[in-house]
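Note that this is a predicted model, so its numbers are computed, not measured. Values below: all heavy atoms of this structure, side chains included; hydrogens, waters and symmetry mates excluded.
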Amino acid sequence: MSVLEIKDLHVSVQTDQGVKQILRGVNLTINEGEIHAIMGPNGSGKSTLAYTIAGHPKYHVESGSILLDGAEVLTMTVDQRARAGLFLAMQYPVEIPGVTVTNFLRTAKTAIDGEAPAIRTWIKDVRGAMTNLRMDKSFAERNVNEGFSGGEKKRNEILQLELLKPKFAILDETDSGLDVDALKIVSEGVNRAKENTGLGLLLITHYTRILRYIHPDFVHVFVNGRIAEQGGPELADRLEDEGYDRFLVPEIVN
C-alpha cells in the first residue's frame, strides 16, 4: 500500500520584506485510498503545502521531509515527482499557447509511464474521460486552457487526473469559481478517479460545499502554517457552523 508522509515540515518564502516563515512544522500521513481535506482561512499556508509537495522553486524547505513510499520527495525534481506518482491540480491553471490538449496529455502520459500509450486505446480513453466530464470533443484540439472558462480549466485538470492515474493527488481549491453544476461534474470525476485507481487525495478548500460530493475520511484545520485540529467529517460541519475564529489566537512576539 502506498503512503505519503509529511514530517515536521518547515517552509519559508523570500519576500520584499525578507524571509517569511509559512509552514511551521506540518505532520500528515495519507494512505492509499484515503481522502484528507485541509480547511483553513486565507493565508494559513494551505497552498504553500500543496506547491511544496509538487516542488515549486519559490518555496524553501528549511527542515522536515516528505516521503512517498519511503523515498524522499524533496530530493526529486518536479518531473521526477510526477513520475513517482504525485499530481497537483492547480487553483489557477495556466494557459499553454501552441500546445493542444491532445498533445499535452499524450506527452505527459508517455513521460510518466516511460512509453507511449497505444493509439487506439488512448484515443478511446481520452474520449471517454472527456464525455464523462461533459467536455466537447473540440477541446482536444484546442491549446491547453487558452480561452477556457474557469470551469473548463478545472475540468481539464480533472481530465489529466483521470488519464495520468497518479498515486496521490493534491487538489488546491479545485472548487473555487465553480457553479453548482460544474462542481458536481468535477467532483464526479475525482470520485471516479479514486474508484478506478485507489489513489489518495489531499483536498484543499475553504468551504464545505465540495465535501458534499467528495466525502473526506479525515478533516484537518490549517492555521498559521500548522495543523491546529483534526478529526472526521463532522469537523467540517462544525467549521461551517462556527468558522475559524476560535483558532485565530494572535501570536505573541517576544
**Q** When you compare the side chain of N132 with that of R192, does any pair of heavy atoms fall below 4.5 Å?
**A**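 Yes, at least one pair of side-chain atoms sits under 4.5 Å.
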**Q** Is atom NZ of K184 surrounded by more than 12 heavy atoms (other residues, nucleotides or ligands) closer than 6.0 Å?
**A**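 No, because the 6.0 Å sphere around NZ of K184 holds 12 heavy atoms or fewer from other groups.
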**Q** In this structure, would V13 and V61 fall into the same cluster of hydrophobic residues linked by side-chain contacts under 4.5 Å?
**A**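 Yes, V13 and V61 fall within the same hydrophobic cluster.
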**Q** Using the side chain to side chain donor-acceptor pair (under 3.5 Å) rule, take T75 and E72 through it: C-alpha gap first, then chi angles, then the decisive distance, then the call.
**A** CA-CA 6 Å; T75 62; E72 179 57 73; 6.0 Å; no
**Q** Under 4.5 Å between any side-chain heavy atoms of L171 and L88, yes or no?
**A**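 No, every pair of side-chain atoms sits at 4.5 Å or beyond.
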**Q** Under a 4.5 Å cut-off applied to non-hydrogen side-chain atoms, are L105 and Q160 in contact?
**A**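 A side-chain contact under 4.5 Å exists here.
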**Q** Given 3.5 Å as the limit, does a donor-acceptor pair link the side chain of R106 with the main chain of F104, or not?
**A**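 Absent.
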**Q** Ignoring hydrogens and geometry, is there a side-chain-to-backbone donor-acceptor pair from E95 to P97 under 3.5 Å?
**A**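 Such a contact is absent between E95 side chain and P97 backbone.
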**Q** Can you tell me how far apart CG (L133) and CD (E188) are? Round to the nearest 0.5 Å.
**A**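 Reported value, rounded in 0.5 Å steps: 9.0 Å.
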**Q** State whether a side-chain donor-acceptor pair under 3.5 Å links N156 with N145.
**A**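 Result is yes, a qualifying pair exists.
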**Q** Ignoring hydrogens and geometry beyond distance, is a side-chain donor-acceptor pair present between T100 and E141 at under 3.5 Å?
**A**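 No, E141 and T100 have no side-chain donor paired with an acceptor closer than 3.5 Å.
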**Q** Would V3 end up clustered with V26 when hydrophobic side chains under 4.5 Å apart are linked, directly or stepwise?
**A**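 Different clusters: V3 never reaches V26 through Ile, Leu, Val, Met, Phe, Trp or Tyr contacts under 4.5 Å.
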**Q** Report the distance from atom CG of L203 to atom CG of D175, rounding to the nearest 0.5 Å.
**A**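 Going from the CG atom of L203 to the CG atom of D175 covers 7.0 Å.
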**Q** Given side chains that start at C-beta, do those of V126 and T102 come closer than 4.5 Å, heavy atoms only?
**A**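 No. Closest side-chain heavy atoms not under 4.5 Å.
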**Q** Could you verify whether a donor N or O on one side chain and an acceptor N or O on the other, from K137 and T131, lie under 3.5 Å apart?
**A**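 Checked: K137/T131 side chains show no N/O donor-acceptor pair below 3.5 Å.
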**Q** How long is the span from the CD atom in E34 to the CG atom in L4, to the nearest 0.5 Å?
**A**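 One finds 11.0 Å between CD of E34 and CG of L4.
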**Q** For Y207, is the NZ or CZ atom of R209 found under 6.0 angstrom from the centre of its six-membered ring and inside 45 degrees of the ring axis?
**A**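 Because its charged atom misses either the 6.0 Å distance or the 45° angle limit, R209 does not stack over Y207.
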**Q** Parallel, tilted or perpendicular: which fits the ring planes of F148 and F139, with parallel below 30° and perpendicular above 60°?
**A**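 Ring orientation of F148 relative to F139: perpendicular.
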**Q** Have a look at L235 and tell me which of M39, H220, E229 forms a side chain to side chain contact (heavy atoms under 4.5 Å, CB included) with it.
**A**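 Single pass found, and it is E229.
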**Q** Salt bridge (charged side-chain N to carboxylate O under 4.0 Å, His left out) between K167 and E32: does it pass, once the steps are laid out?
**A** CA-CA 7 Å; K167 292 180 180 178; E32 177 183 328; over 6 Å; no
**Q** Using side-chain hydrogen bond (donor to acceptor under 3.5 Å, both in side chains) as the criterion, point out the one residue from H60, R24, E62, Q21 that pairs with S12.
**A**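 The single option meeting the side-chain hydrogen bond (donor to acceptor under 3.5 Å, both in side chains) with S12 is E62.
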